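What follows is a set of notes on a single structure, which appears directly below.
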Amino acid sequence: MSDSAGRGGNRSGGGRFGGGNRRGKRSGGSARTVAVKRAAPTVREPITLPPVLSVSELADKVEMTGVEVIRELMKIGIMANLNQQIDYDTANKVATALGWESSEDESAQASTSADFESRRLESESDPDSTARPPVITIMGHVDHGKTKLLDSIRSANVAEGEAGGITQHIGAYQVETHGRRLTFLDTPGHEAFTAMRARGAQATDIAVLVVAADDGVMPTTREAIAHIKSANVPLVVAVNKIDLPTANPDRVKQQLSDAAVMPEEWGGDVPFVEVSAKDKRGLDDLLEVLLLVADVNELKANPNKPATGVVVEAQVDSNRGAVATVLVQSGTLNLRDVVVAGSTWGRIKAMFDDHGKRVRRAGPSTPVEILGLMAVPQAGDTFEIFEDEKVARQLAEQRSATRRIESISENRPVKLTELYDQVKEGKTAELRVILKADVQGSLGAIQNALLKLNDTTDEGVQLSIQLASTGAISESDINLAATTRSIVIGFNVRPDVAAKRAADSAGIDVRFYTIIYNLLDEVKAAMTGLLAPVFEDVTDGYAEARNTFKLPNNDVVAGLYVLDGKVVRNSRARVLRSGVVVFEGGIKSLKRFKDDVREVAAGYECGLGLDGFNDIQVGDQIEFLHRQEVART
């Protein structure tokens with residue numbers, strides 16, 4: 001019985017499938033049309049796509065298999081796997097090709113970091129906004145008393161009897177004076193200040209420039225001024241160490257006025273306050289001036305909204321996991337809030353104030369340390385609050401993918417050879433320059449000559465100098481160039497190893513000159529669209545002279561340690577002493593032990609003789625380079 005039934009079932013099944021095949025042969029076109037309609041119905045609801053999504057997520061939205069979506073991506077020249085992230089424009093092309101109408105998810109788009117600053121400004125203009133404490137950053141030369149001034153302000157505002165004073169350093173803290181609060185960001189210097197701005201975070205309301213009354217303006221002071229001006233924040237100068245017998249505040253004012261920082265009593269707009277961090281003299285005057293500047297700028301925020309703000313610093317604690325110091329800029333941050341900070345997220349498990357005490361909420365301009373993030377964010381990342389953990393996780397993943405895409409496709413540095421084309425396309429109308437020279441006389445002459453180009457060129461592009469100082473090109477100069485989208489011009493100076501690596505990584509255009517007229521001609525040609533470079537120097541490596549030896553024929557050879565890249569026998573050698581070029585020429589001999597060699601890699605030692613130069617000294621850095629032809633544009 002069962003055997004008969006089984007055979008009958010087989011016959012029936014075979015007849016059914018066989019009939020289907022025969023019908024397919026008789027009317028194959030009709031069958032194929034039905035199949036297409038099932039896969040891609042003609043009547044569909046439009047779909048919304050986020051700014052960034054994975055290939056598998058796109059396949060779910062367009063109701064196709066991942067293989068079909070990958071096939072469409074290959075048609076437009078993109079090789080991807082199911083987990084790879086793609087941007088909205090790419091996803092829209094695929095969806096359109098597969099018969100779907102799509103639009104970008106505006107709510108997701110509004111949650112990206114690009115719109116953070118505009119939303120923060122909207123909060124300040126909110127009718128429910130109230131006055132908030134100012135956020136202050138203290139900057140200046142390394143030995144001029146920044147840390148001592150910060151410590152004096154903090155200790156003067158710690159309540160008497162509080163055991164141990166401030167028990168925890170979180171990179172930011174608040175003080176109270178005249179019944180009002182001020183927030184200080186304790187950043188390591190203008191490098192950190194610029195790094196935060198490079199990630200889109202404008203955390204500072206007021207900058208305090210500390211200058212020692214006995215030492216005056218130093219090169220680092222000028223760098224700090226350039227960073228403050230590029231951030232476009234109000235400036236207050238604290239003339240420190242007035243307790244010293246060699247203090248000369250008037251000389252400091254004169255030097256700063258020469259650097260375009262004009263004191264109020266001389267008709268300028270920058271308040272100057274004389275202080276002594278050691279004797280705690282003038283601290284109250286400084287705090288009063290800071291409150292006055294804050295009142296003039298009418299700093300406001302709405303405390304009745306979900307919090308938004310910026311990450312000041314973050315690290316991994318072996319016991320507590322990811323720990324981040326955040327500054328609330330608008331709204332109120334509460335315990336158990338779900339927060340997205342940069343490309344990470346989490347639910348706040350604990351919050352601590354600048355005294356190390358546990359708190360449950362933090363209002364505008366309040367710094368707190370938070371625990372509970374899944375990973376460590378970057379300093380300068382913005383944060384915001386979400387009700388749904390799933391949405392928070394998706395946004396963090398989208399931001400991570402968006403950053404990867406932006407790093408490739410957007411924010412390209414300005415190149416001198418491409419300047420005129422960018423002006424014609426409306427991408428830029430200003431050439432920003434960071435100028436470094438070997439001596440002050442050359443620096444002043446070049447600076448004046450460059451600014452005169454604004455009067456002699458009529459091509460719609462203006463030149464502005466972001467920083468002009470003497471000395472080697474440093475990593476700080478490269479960071480400022482990346483933030484302000486500037487080019488770096490070096491006159492008789494070169495970058496150190498760290499600066500070279502930073503410039504290569506960020507794609508910063510660094511130009512070197514030894515003749516002023518060549519410098520001016522190239523810049524003018526770039527501004528008028530006539531620049532057509534033919535050759536450029538390509539650095540092969542860097543080495544440091546560790547020892548020197550005098551040979552019987554009176555030639556001097558140096559024992560080198562190769563720091564970066566490689567030394568090549570047919571390269572040109574450029575000897576740098578404190579960043580200044582003292583010789584450039586050919587290599588006479590290159591040896592490893594007693595053998596002549598063609599090249600020596602980083603991490604190895606070698607002996608070097610230079611053609612026509614016997615004055616090499618211990619500590620000199622030698623840059624090895626060759627000239628490379630560049631196609632005319």
Side-chain angles (χ1 to χ4, degrees), residues 24 27-119 122 200 340 342-345 382 384 386-413 418 421-422 424-428 507:
S27 56
S30 174
R32 283 194 296 273
T33 303
V34 171
V36 171
K37 285 185 177 179
R38 281 200 302 271
T42 54
V43 180
R44 289 171 168 151
E45 292 292 329
I47 57 174
T48 57
L49 300 174
V52 181
L53 74 167
S54 68
V55 172
S56 60
E57 289 171 339
L58 177 59
D60 291 339
K61 286 186 174 291
V62 298
E63 299 175 9
M64 294 286 184
T65 65
V67 174
E68 290 171 305
V69 172
I70 290 173
R71 188 181 298 125
E72 291 298 328
L73 285 168
M74 292 173 64
K75 289 179 182 178
I76 58 176
I78 296 175
M79 304 297 294
N81 57 41
L82 288 174
N83 296 322
Q84 189 161 328
Q85 302 280 339
I86 57 176
D87 61 2
Y88 168 76
D89 291 337
T90 304
N92 182 44
K93 290 178 182 177
V94 173
T96 303
L98 294 172
W100 291 84
E101 291 184 9
S102 66
S103 60
E104 190 165 9
D105 187 346
E106 293 181 359
S107 61
Q109 188 179 24
S111 297
T112 61
S113 57
D115 292 328
F116 177 83
E117 188 67 15
S118 62
R119 283 183 282 125
E122 286 176 9
V340 176
S343 56
T344 187
W345 70 284
T382 55
E384 44 201 320
F386 290 84
E387 295 183 2
D388 191 337
E389 285 191 15
K390 183 179 179 181
V391 173
R393 183 180 66 252
Q394 288 176 343
L395 177 59
E397 292 171 353
Q398 288 172 9
R399 282 183 173 180
S400 179
T402 301
R403 280 182 176 180
R404 289 197 297 271
I405 293 170
E406 288 177 347
S407 66
I408 297 172
S409 60
E410 295 183 5
N411 297 323
R412 286 200 311 124
E418 302 169 0
D421 292 336
Q422 293 187 23
K424 291 302 182 185
E425 293 172 9
K427 294 180 180 178
T428 182

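Note that the structure is predicted; figures quoted are calculated from it, not measured. In what follows, every heavy atom counts, from backbone to side chain, and hydrogens, waters and symmetry copies are set aside. Starting from 1, each residue takes its place in the sequence as its number.
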**Report entry** Within-4.5 Å side-chain heavy-atom neighbours: Val69 and Leu82
**Finding:**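 Heavy-atom side-chain distance check fails, nothing below 4.5 Å.
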**Report entry** Flag side-chain contact, heavy atom, 4.5 Å: Trp345 against Leu395
**Finding:**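 The answer is no; the side chains never approach within 4.5 Å.
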Requested in this report: Show the numbers, then the answer: is there a salt bridge (Lys or Arg N to Asp or Glu O under 4.0 Å) between Lys75 and Glu72?
Outcome: CA-CA 5 Å; Lys75 289 179 182 178; Glu72 291 298 328; 3.2 Å; yes
Query raised in the report: Looking only at heavy atoms, what is the nearest atom pair of Lys61 and Ile47, with distance?
Result: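 Smallest interatomic distance, heavy atoms only, reads O-CG2, 4.0 Å.
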Query raised in the report: Looking only at heavy atoms, which two atoms of Leu49 and Asn92 are closest? And how far apart?
Result: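 Answer, listing the atom of Leu49 first, then Asn92: CD1-N, 4.1 Å.
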**Report entry** Sidechain-backbone polar pair: Trp100 side chain, Val62 backbone, donor-acceptor under 3.5 Å
**Finding:**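 Present.
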Query - Distance, nearest 0.5 Å, that separates CZ of Arg71 from OG1 of Thr65 - result: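 Going from the CZ atom of Arg71 to the OG1 atom of Thr65 covers 7.0 Å.
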**Report entry** Residues which pass salt bridge (Lys or Arg N to Asp or Glu O under 4.0 Å) with Glu101, listed by chain and number, not counting sequence neighbours
**Finding:**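 None.
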